[in-house]
Amino acid sequence: MRLSSEIKRIIVLGGGTAGWITAGLLAKKHAGGVKVTLIESPDISTIGVGEGTWPTMRQTLAKLGVPEAKFLQKCHATFKQASKFVNWINPENDTYYHPFTEPQGFNKVDLSPYWREATQSECSFSQAATFQHYLCENGLAPKTIANKQYEAVANYGYHLDAGQFIELLREHCTAELKVELISDTVSHVLMAENGDIKSLVTKENGELSAELYVDCSGMRSKLLGESLKVPFLPCDDIFFSDTALATQIPYTDTHSPIPSCTISTAQDAGWIWDIGLQHRRGVGYVYSSQFSTQEQAYDTLVQYLGDKCKIDKIKKIEFTPGHREIFWKNNCVAVGLSAGFLEPLEASALMLVETSANFIAEQLPANTQQMPMVAKRFNASMLMKWRGVIDFLKLHYVLSKRDTPFWVKNREPSSVPDTLKELLELWRFRSPSEYDFTDNMEAFSAASYQYILYGAGFQTDFSSKAYLYEKSALATKQIMLNRQRLEQLKYSLPRHRELLDKVNQVGFSTI
């Protein structure tokens, strides 16, 4: 029988984004009651290419107490309002959006059965449903300098410099939240007789112990994977991308417009991300080594960037899509890459970090006797979250009509999860609704699925239940309200770079 002891010390292994966010949220929530120590190895570098976030990052930064203007300045950050998908359905002249703002009147009426008729198909679903499509296409910001920090006119997340973000979090967590930082390398892990982690043995600081260990050691998963032997469940039968070539491109003009969306452009064997920061672009090609050599991938990236772009340095990242069988075992919980990674699409990695870290901080067991119960709930919730992410990301590929071998393989029925197959079958005759996503830990909402489905040209046959769709007038009204709102915002919102320049000069309103 395991003896119960109060949780008074937590050790976080790993100083990347996952480690510092988790340590910070734990230290903030349990200040004065729990000592949080983060071990960061000077010998191990972080991957440092996770540059896109969800709107949830606003709440995370606010909770940590990081001023938004300081974050934007320090991390060269910009506003992200959507993901823009270029040539994902057809190889040329094809674009659709996944905006962060819900469709107009989403809680009053589902626009899916009505938008084509109401607009005579003159615009896309996202154009009909939200003004945010226009903001992104025209380079406008999601707020003004008069708005308070973290306040939004249009829902937004961020693009950020991952290396600078880690530095900001390290500085803030140690100085303001009293996280203890130990710069050292763990040489080996000592196990207790009951299967728990007993202690971490470091090169310089000897043996360090805690009641709870958080594994943020990256893809190596030193604690949960290597020490506790939790199996890794590959998803390479669903996702075929396994390599990324990432680079950084300076702006040719310091006044160049900055997109406020992640631009994802499909290629023959994968897709290219293009993220605009204040001082540079982060660009990378994520592809399948089954369908492209590294030389072909490099040529694809060069062709995308154009002859005038000089590529000074490229980072190659290899990965196996998948996640751990469970994420919390005994007295160890994994957050970030140590828990798993699928691919960069839709910036789900940082969202999973935030979700995990918030759960651990909010539901931290009072003692070790309660830990198995909390671990059980955490594992169930996070497995649900991962399942939702897998379905949603796969949806982007399933809807494509591109005909190169990579895309054809992505549409093979054997590669599509049964849960997604069932949803797609249901959506042949009705639109995605919140009834499809009843768990509060679902990763993506019905609104997100609608943006992808109808942006990609999916056709739902509403005729068999035509008698249910008698809200045409209300739907048309919402589409008109969206247009009116757009007319207001197109003249009141500043251009994206203009707002960022003002924030760097004066910050946000404090009134």
Side-chain angles (χ1 to χ4, degrees), residues 16-18 44-52 83 85-88 91 159 162-163 217-221 225 232-249 262-275 281-305 309 311-324 336-350 352-353 386 389-390 392-398 400 402-412 414-415:
T17 307
I44 302 173
S45 61
T46 58
I47 290 181
V49 294
E51 297 188 324
S83 293
F85 297 94
V86 179
N87 298 338
W88 273 70
H159 293 135
S217 63
M219 292 181 183
R220 182 182 176 186
S221 192
F232 180 81
L233 303 180
C235 293
D236 52 2
D237 57 337
I238 301 173
F239 301 105
F240 305 110
S241 296
D242 56 10
T243 313
L245 300 181
T247 190
Q248 299 174 356
I249 304 296
T262 298
I263 302 171
S264 304
T265 304
Q267 306 294 326
D268 284 350
W271 59 276
I272 289 174
W273 74 78
D274 196 335
I275 286 174
R281 292 157 62 197
V283 183
Y285 182 24
V286 56
Y287 66 95
S288 170
S289 61
Q290 294 180 55
F291 300 101
S292 174
T293 65
Q294 184 174 331
E295 291 73 24
Q296 290 170 331
Y298 178 84
D299 290 343
T300 299
L301 190 57
V302 169
Q303 183 177 358
Y304 173 84
L305 292 169
C309 278
I311 302 177
D312 293 324
K313 185 178 180 182
I314 284 186
K315 178 183 286 190
K316 180 182 180 183
I317 303 162
E318 297 176 297
F319 58 92
T320 300
H323 58 79
R324 295 288 157 184
L337 297 178
S338 57
F341 181 73
L342 299 173
E343 66 154 277
L345 190 65
E346 293 279 12
S348 59
L350 275 179
L352 289 165
V353 167
W386 278 87
V389 172
I390 290 169
F392 188 69
L393 299 193
K394 185 63 176 180
L395 178 68
H396 296 64
Y397 292 98
V398 171
S400 177
R402 295 177 68 103
D403 60 2
T404 57
F406 170 81
W407 294 93
V408 171
K409 188 173 180 65
N410 263 292
R411 293 195 296 273
E412 288 181 356
S414 60
S415 77

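The structure presented is a predicted model; accordingly, all values stated were derived computationally and were not measured.
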Shortest non-hydrogen contact from [X] toward [Y]:
X: L301; Y: G284; answer: CD1-C, 4.3 Å
X: G52; Y: A347; answer: O-CB, 3.5 Å
X: T262; Y: H159; answer: OG1-NE2, 2.6 Å

Return yes if some donor-acceptor pair links the side-chain N/O of [X] with the main-chain N/O of [Y] below 3.5 Å, else return no.
X: R220; Y: G225; answer: no
X: S400; Y: W88; answer: yes
X: S338; Y: S221; answer: no
X: T247; Y: K313; answer: yes

When you check the side-chain N and O atoms of [X] and [Y], is any donor under 3.5 Å from an acceptor?
X: Q294; Y: K316; answer: yes
X: S289; Y: D242; answer: yes
X: K394; Y: S415; answer: yes

May I ask you to check whether W407 and W271 place their ring centres under 6.0 Å from each other?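 No, they do not, as the ring centres are separated by 6.0 Å or more.
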Hey, what do you get for [atom1] ([X]) to [atom2] ([Y]), rounding to the nearest 0.5 Å?
X: I238; Y: S414; atom1: CD1; atom2: OG; answer: 10.0 Å
X: L245; Y: T243; atom1: CG; atom2: OG1; answer: 7.5 Å
X: I272; Y: Q303; atom1: CD1; atom2: CD; answer: 8.5 Å
X: F341; Y: H323; atom1: CZ; atom2: NE2; answer: 13.5 Å
X: N410; Y: S241; atom1: CG; atom2: OG; answer: 7.0 Å
X: L342; Y: T320; atom1: CG; atom2: OG1; answer: 11.5 Å

What residues form a salt bridge (Lys or Arg N to Asp or Glu O under 4.0 Å) with D274, not counting sequence neighbours? R281
Quick one: are [X] and [Y] in side-chain contact, heavy atoms under 4.5 Å?
X: E346; Y: F85; value: yes
X: T293; Y: Y287; value: no
X: I263; Y: W273; value: no
X: S264; Y: V86; value: no
X: R402; Y: N87; value: yes
X: H396; Y: L345; value: yes

Should we count CD of Q296 as having more than 12 external heavy atoms under 6.0 Å? yes
F239 and Y397 aromatic ring geometry - parallel, tilted or perpendicular at 30°/60° bounds: perpendicular
Test side-chain contact (heavy atoms from CB on, under 4.5 Å) applied to T17 and V353, step by step: CA-CA 8 Å; T17 307; V353 167; 5.5 Å; no
May I ask you to establish whether K409 and F291 are in a cation-pi arrangement, using a distance under 6.0 Å from NZ or CZ to the six-membered ring centre and at most 45° from the ring axis? no
Let me see the working for D268 and S292 under side-chain contact (heavy atoms from CB on, under 4.5 Å), right down to the final yes or no. CA-CA 9 Å; D268 284 350; S292 174; over 6 Å; no
Step-by-step side-chain contact (heavy atoms from CB on, under 4.5 Å) determination, Y304 to V283: CA-CA 10 Å; Y304 173 84; V283 183; 4.1 Å; yes
